[in-house]
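What follows is a single structure, written as structure tokens, with notes after it.
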Amino acid sequence: MEEEERFDLGHTIKKIFVIGVAASLIFLGFIALMTLIGVVIAIPLLKKAYRLVSRDNEGHCKSEKHKVKCPICRAKTKFYGEEIE
């Protein structure tokens, strides 16, 4: 006698639930990874912005190195404070 294969609704719902939970965990992991990468990129930028905002009262700094790039001749010049080398 051949047995007829029956459709088990409970087993199918359990598989769909497990697949949904796994997909949502993978999605949350991806979001967490992107957040971590964003924080790693943002920390140096925030430090640089803080240094630019919190300068001394005169509005210029004499110890930092600055770079100027000429777009026409593509030359780069480095200078400290206000004097160009």
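Nothing here was measured: the structure is a model prediction, and the numbers come from that model.
Residue Leu25 is not grouped with residue Leu33 when hydrophobic side chains (ILVMFWY) are merged at heavy-atom distances under 4.5 angstrom, including chains of intermediate members. Cluster annotation: Met34 is connected to Ile41 through the hydrophobic network of ILVMFWY side chains, with a link wherever side-chain heavy atoms come within less than 4.5 Å.
Atom NZ of Lys14 sits about 13.0 Å away from atom CD1 of Ile19, to the nearest 0.5 Å.
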